[in-house]
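Start at 1 and go down the list; that is how both ligands and their atoms are numbered. If you read the sequence from its start, that first residue is 1, and numbering goes on from there.
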Amino acid sequence: MSNELKVRFWGVRGSYPTPGAGTIKYGGNTASVEVRAGERTIILDAGTGIIPLGRELARSKRAGEILLLFSHLHHDHTQGFPFFVPAYMPNARLHIFGPGGTPETLSAVLERNQSTETFPLGLREMASTKNIQSVRESQVIVWDEAGVHLAESAVGLSDEAVVICIHKSYAHPGGVYVYRITWRGKSVVYATDTEGYVGTDRKLVQFAKNADVLIHDAQYLEEHYRGQLVGFPSTQGFGHSTVTMACEVAAASETGRLVLFHHDPSYSDEMVAGMEATAKSLFADSVAAYEGLEIDLTPDPSPKRRGKLSDENKMAMILQSPSPLPLSQREREQWK
Ligand SMILES: [Zn+2]
Ligand SMILES: [Zn+2]
């Protein structure tokens, strides 16, 4: 079995796709990120970036079993799904999870997105086997030797299981799920479509604590957010962050690397490059996501760690506990 843990970016833009000469460097497709853990493929969101990803999965014969997680169901996170090639493959098995008031909500929304009036093919006409379910924040998504299943806690799970915890954020209209994916002691946090709070989003900081990679919304320039950029009204309250907000969460959660995500569709490559430079001055290990960016987190294959409960899985257990964690000494000092 492959030991690789890789994160690859297929769509990094927010709101709507932006093809054209001004977005070639970072790319114009909307949100979609692939996490490959050994033989397992996990996809975060189905913006238009999932379309080339789907073709690649079919071409490389990796479309057999796929786990797709929706952060929320706004257009820019779902619009690529009707064009996702594996969904049409009879031998493909898709496990699809996301937010929703009842377990059926997600399925109903995806069906509506492909109603007769809006798309030529319905969800049920896509030939793959699909398990579509809205999940609760308290549930844990597990992919282990028993397959993909839901658990009520991460207690006792082995390091070999892919463990996915959920944090529900209210810092976006309608709410959004933040996911933490852990495998063999490494973890990736996906926090798109979220707006920072004064003094940082403390719950998100706890949730992202010590993650190896934090993918964080950084849609706006500071001046744009504040309404001080000519031609751009203030976006305060829209549910997206500035670079500074993203860097504050990265620093407070002591994450390994920050990836700026969900670039504003009206921003050119030059503007995003400028934001990346700002981010680096605030949090050194920062990068602006671009289509094709790949981060390799392949863990140390040390046999003594494998099969045991890693610190990461202990972290997953703590994240599931109802009482908030106390701040560390370092955090207390940082936020005095
Ligand atoms: Zn979005
Ligand atoms: Zn949104």
Side-chain angles (χ1 to χ4, degrees), residues 7 9-19 23 26-35 42-53 68-84 96-101 105-106 108-110 112-113 134-135 137 166-179 188-197 201 203-204 207-208 214-221 224-225 232-243 245-246 249 258-267 271-272 275 288-291 293:
V7 184
F9 291 79
W10 294 83
V12 302
R13 193 67 56 171
S15 309
Y16 54 85
T18 55
T23 56
Y26 294 95
N29 279 306
T30 49
S32 194
V33 179
E34 174 193 10
V35 177
I42 300 125
I43 301 172
L44 294 153
D45 279 331
T48 58
I50 203 172
I51 302 169
L53 167 56
L68 170 58
L69 304 170
F70 284 102
S71 61
H72 63 316
L73 303 173
H74 286 167
H75 268 152
D76 51 329
H77 301 258
T78 60
Q79 63 202 168
F81 186 73
F83 303 96
F84 183 51
I96 306 176
F97 299 112
T105 304
L106 176 58
V109 172
L110 295 180
R112 212 159 54 226
N113 286 354
S134 291
V135 286
E137 182 185 20
I166 304 165
H167 162 60
K168 182 170 184 180
S169 165
Y170 293 92
H172 192 70
V176 63
Y177 275 4
V178 176
Y179 292 103
V188 178
V189 171
Y190 180 69
T192 188
D193 294 64
T194 186
E195 184 168 348
Y197 294 137
D201 183 336
K203 283 186 179 163
L204 177 57
F207 186 77
L214 169 65
I215 302 162
H216 196 293
D217 190 303
Q219 180 154 346
Y220 301 128
L221 286 163
H224 184 178
Y225 182 82
F232 292 86
S234 168
T235 56
Q236 197 176 53
F238 282 22
H240 297 287
S241 290
T242 64
V243 170
M245 291 168 183
V249 174
L258 169 65
V259 183
L260 308 177
F261 191 70
H262 206 275
H263 308 314
D264 191 275
S266 68
Y267 288 7
M271 290 168 87
V272 177
M275 293 164 85
Y290 58 88
E291 286 177 27
L293 168 64

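- When distances to the Zn ion (ligand 2) are checked against a cut-off of 2.8 Å, D193 contributes an N, O or S atom below that limit.
- Among the backbone and side-chain atoms of H262, an N/O/S atom is found under 2.8 Å from the Zn ion (ligand 1).
- Within D76, the N, O or S atom lying nearest to the Zn ion (ligand 1) carries the name OD2.
- The Zn ion (ligand 2) is closest to atom ND1 of H74 (considering only N, O or S atoms).
- Counting only N and O atoms by type, the side chains of E291 and W10 include no donor and acceptor under 3.5 Å apart.
- Taking 2.8 Å as the threshold, H77 does not count as a candidate ligand of the Zn ion (ligand 2), since none of its N, O or S atoms lies below it.
- The aromatic rings of Y225 and Y220 sit tilted relative to each other, their planes meeting at an angle between 30° and 60°.
- Take the N/O/S atoms of H172: the one nearest the Zn ion (ligand 2) is NE2.
- Not a single donor-acceptor pair under 3.5 Å links the side chain of N29 to the backbone N or O of V12.
- Between the side chains of R13 and T18, at least one donor N or O lies within less than 3.5 Å of an accepting N or O.
- Looking at H262 and D193, their side chains do bring a donor and an acceptor atom within 3.5 Å of each other.
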